[in-house]
There are 2 protein chains.
Amino acid sequence: MNALTPMSEATAVLSDRPVLPDHPLFAGLTRSDAEIIAATLVPHVFKDEEIIRFDGTPDQLIGIVRSGAVAHDIRAADKITTVGLHLAGDLLSHSGPRTASVMAVAVDRTEILGCTMQEFNALLARFPRLQLNYLDLVTAELQATRDWYTLLGRKTATERVATLILRLSRQPRAPEDPVIDLLLTRERIGSLLGIKMETVSRQIRAFAKAGVIALFSPTKIAVLDPTALVDATGDIWRENAAL
Amino acid sequence: MNALTPMSEATAVLSDRPVLPDHPLFAGLTRSDAEIIAATLVPHVFKDEEIIRFDGTPDQLIGIVRSGAVAHDIRAADKITTVGLHLAGDLLSHSGPRTASVMAVAVDRTEILGCTMQEFNALLARFPRLQLNYLDLVTAELQATRDWYTLLGRKTATERVATLILRLSRQPRAPEDPVIDLLLTRERIGSLLGIKMETVSRQIRAFAKAGVIALFSPTKIAVLDPTALVDATGDIWRENAAL
DNA sequence: CGACTTGTTGACCTAGCTCAACAATAGTGG
DNA sequence: CCACTATTGTTGAGCTAGGTCAACAAGTCG
């Protein structure tokens with residue numbers, strides 16, 4: 001194995017001796033442990049709109065989103081409600097006992113480094129350090145989920161859209177590339193943010209008109225005025241916190 | 001130790017050989033493990049409005065709410081926003097890296113069986129089964145949090161109030177006692193649900209007028225028509241799921 | 001009993017929903 | 001490559017749930 005191989009890119013292609021990506025889930029593991037874990041976690045690639053097993057059964061997928069995104073939809077009767085979004089770097093964890101029939105769907109071409117819940121449980125049982133890391137991540141996600149949704153519930157449409165754009169703007173992408181792909185249609189953005197498609201459109205256009213963002217195509221944007229965008233999220237306390 | 005002592009009540013008073021409450025966190029533990037754990041977890045009693053250490057530091061409290069409730073508040077400048085509520089039976093878990101300065105406050109007289117995060121981490125490291133149970137609970141909470149907030153973001157005021165009442169109505173209380181204590185003022189309910197005090201009042205009164213609930217005093221109610229209340233939550237898919 | 005907090009109710013006002021028309025894209029088959 | 005269709009996005013004109021403001025009632029506590 002070439003020690004200089006960039007970890008962030010080449011994990012998938014080296015099948016003989018795979019490398020774990022640089023992710024907090026794998027922090028502090030010994031080299032040998034990491035190798036065993038890396039042998040279990042394999043890249044899963046999904047096409048746009050492809051359904052990802054995420055139903056709480058032992059066969060469900062657990063892992064880290066490497067690229068693309070995973071949308072969590074509730075499909076009731078005729079209409080789809082998107083209730084969550086996992087982006088690159090996020091952990092797709094145990095889905096727990098479902099009260100709603102949420103399904104995970106790939107957005108864009110999506111790569112997930114992972115394994116089945118069953119296999120993952122075995123790893124957790126075998127490597128206490130992994131379990132510790134995992135617990136930390138789930139806890140952090142719980143926190144993030146609280147923050148995200150708590151606020152959604154009391155934000156205006158403008159604030160919600162700004163929050164989403166901000167979140168997407170923080171996604172890893174090619175250095176110096178200012179273009180952000182919203183990935184989602186207006187319809188899905190609205191669904192995710194609990195507002196209507198038309199309102200999403202109006203808000204995005206308003207940001208463009210105000211010079212806060214540049215709008216290249218409906219889904220391709222660039223943030224021109226990050227400060228204004230942060231202000232528009234309405235998150236007062238973020239001023240104090242390290243973002 | 002008297003084997004007939006009701007577990008739900010007497011945990012606190014028996015200091016020589018404490019008993020763990022019947023809670024999923026302690027499922028499947030051997031008797032001796034349970035005894036060691038029970039020796040670490042002590043009842044903490046808080047008065048109404050008392051602040052509970054819940055700041056992500058090693059000294060923060062981790063444990064199970066036995067009675068009363070814990071509100072999570074963001075106190076910015078002059079006004080308090082309640083962003084979450086833990087009721088009896090809920091687990092107060094690691095609070096994770098805080099992005100906002102949320103503080104935990106006791107609502108009513110509140111009893112929590114727990115210990116510091118530091119002590120709890122030691123227990124987790126020592127008892128794998130406990131760690132497994134804990135992970136399950138945190139995962140479940142993540143799920144519940146998603147469900148709760150996700151929906152809040154897209155519910156009407158009526159649906160939000162119905163959802164809260166329903167949740168409170170499912171709290172353990174004296175058998176055959178139909179009276180539910182809302183615990184919170186209209187102001188705090190509104191804050192929790194992301195709506196205004198006046199709207200909360202209007203919704204509650206509307207339910208009372210419609211005969212869905214009985215209103216004995218502003219905070220003491222009884223559910224007269226559970227079906228109507230469930231309908232009013234607007235949770236379509238709950239029909240399919242075991243509640 | 002008075003002062004203070006909490007709750008109720010009414011009259012307005014506004015953000016965002018609804019409905020509707022139309023524009024811009026993206027496929028798709030010829 | 002174009003015409004044809006379907007999807008997605010934009011924009012305007014009302015409408016309504018819930019916010020805002022304000023007055024008052026009802027607890028509650030010294």
Side-chain angles (χ1 to χ4, degrees), chain A residues 47-49 71 78-82 105 107-108 151-165 180-210 213-221 232-234, chain B residues 47-49 71 78-82 105 107-108 151-165 180-210 213-221 232-234:
Chain A
K47 291 187 292 289
D48 189 26
E49 294 284 302
D78 49 346
K79 86 164 189 286
I80 300 176
T81 308
T82 302
V105 181
V107 176
D108 217 70
L151 301 186
L152 272 194
R154 46 204 102 222
K155 281 189 177 190
T156 65
T158 313
E159 290 167 346
R160 293 179 197 213
V161 172
T163 306
L164 180 64
I165 294 177
I180 300 164
D181 191 341
L182 296 183
L183 296 170
L184 306 172
T185 65
R186 299 282 182 273
E187 176 68 42
R188 285 185 82 132
I189 293 174
S191 175
L192 181 63
L193 299 180
I195 55 184
K196 291 291 139 178
M197 179 192 50
E198 295 92 328
T199 307
V200 175
S201 177
R202 282 185 241 266
Q203 301 305 331
I204 290 181
R205 304 233 114 213
F207 280 134
K209 198 165 287 176
I213 63 170
L215 198 57
F216 304 118
S217 86
T219 55
K220 306 282 186 187
I221 68 165
T233 63
Chain B
K47 291 187 293 289
D48 189 26
E49 293 285 302
D78 48 347
K79 86 163 189 286
I80 300 175
T81 308
T82 302
V105 181
V107 175
D108 217 69
L151 301 186
L152 273 194
R154 49 203 101 226
K155 281 188 179 193
T156 66
T158 312
E159 290 168 345
R160 293 178 197 213
V161 172
T163 306
L164 180 64
I165 295 177
I180 300 164
D181 191 340
L182 295 182
L183 294 169
L184 306 171
T185 65
R186 299 284 183 272
E187 177 68 43
R188 285 185 81 131
I189 293 173
S191 175
L192 181 63
L193 299 180
I195 54 183
K196 291 291 139 178
M197 180 191 50
E198 295 92 328
T199 307
V200 175
S201 177
R202 282 186 243 266
Q203 301 305 333
I204 290 180
R205 305 233 115 213
F207 280 134
K209 198 165 287 177
I213 63 171
L215 198 57
F216 303 117
S217 86
T219 55
K220 306 282 186 188
I221 67 166
T233 62

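Here is how names work: the chains are called A, B, and so on, in the same order as the sequence lines, proteins then strands, and each is numbered from 1.
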Quick one: which of [options] gets closest to the side chain of [X]?
{"X": "B/Glu198", "options": "C/dG16, D/dT11, D/dT20", "result": "D/dT20"}
{"X": "A/Ala157", "options": "C/dG16, D/dT10, C/dT8", "result": "C/dG16"}
{"X": "A/Thr185", "options": "D/dT8, D/dG18, C/dT6", "result": "D/dT8"}
{"X": "B/Thr199", "options": "D/dG19, C/dG16, C/dG7", "result": "D/dG19"}
{"X": "A/Lys196", "options": "D/dG18, C/dT18, C/dG7", "result": "C/dT18"}

Using a 4.0 Å heavy-atom cut-off, does B/Thr156 contact any base of the nucleic acid, only the sugar-phosphate backbone, or nothing at all? sugar-phosphate
A/Arg186 side chain near D/dT8 phosphate (N/O to OP1/OP2, under 4.0 Å):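 No, outside the criterion.
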Interatomic distance, B/Ile213 atom CD1 to B/Leu182 atom CG [nearest 0.5 angstrom]: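 Taking CD1 in B/Ile213 and CG in B/Leu182, the distance rounds to 7.5 Å.
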Can you work out whether A/Gly194 or A/Pro218 has the more 5'-proximal nearest nucleotide on DNA chain C?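 Between the two, 5'-proximity favours A/Gly194.
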State whether the distance check finds a donor on one side and an acceptor on the other, under 3.5 Å, for side chain A/Arg202 versus base C/dT18.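 Pair found.
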Is it true that A/Thr158 and A/Gln203 share a donor-acceptor pair across their side chains at a distance under 3.5 Å?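 Yes, because at least one side-chain N or O of A/Gln203 sits under 3.5 Å from a partner of the opposite role on A/Thr158.
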For a side chain to side chain contact (heavy atoms under 4.5 Å, CB included) check, start with the C-alpha distance between A/Met197 and A/Ile189, then their side-chain angles and the critical distance, and finish with the verdict. CA-CA 7 Å; A/Met197 179 192 50; A/Ile189 293 174; over 6 Å; no
State whether B/Glu198 and B/Arg205 are salt-bridged, where the test is any N-O pair (Lys NZ or Arg NE/NH1/NH2 against Asp/Glu carboxylate O) under 4.0 Å.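 No, this pair does not count.
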What is the distance from CE of A/Met197 to C1' of C/dC22, rounded to the nearest Å? 13 Å
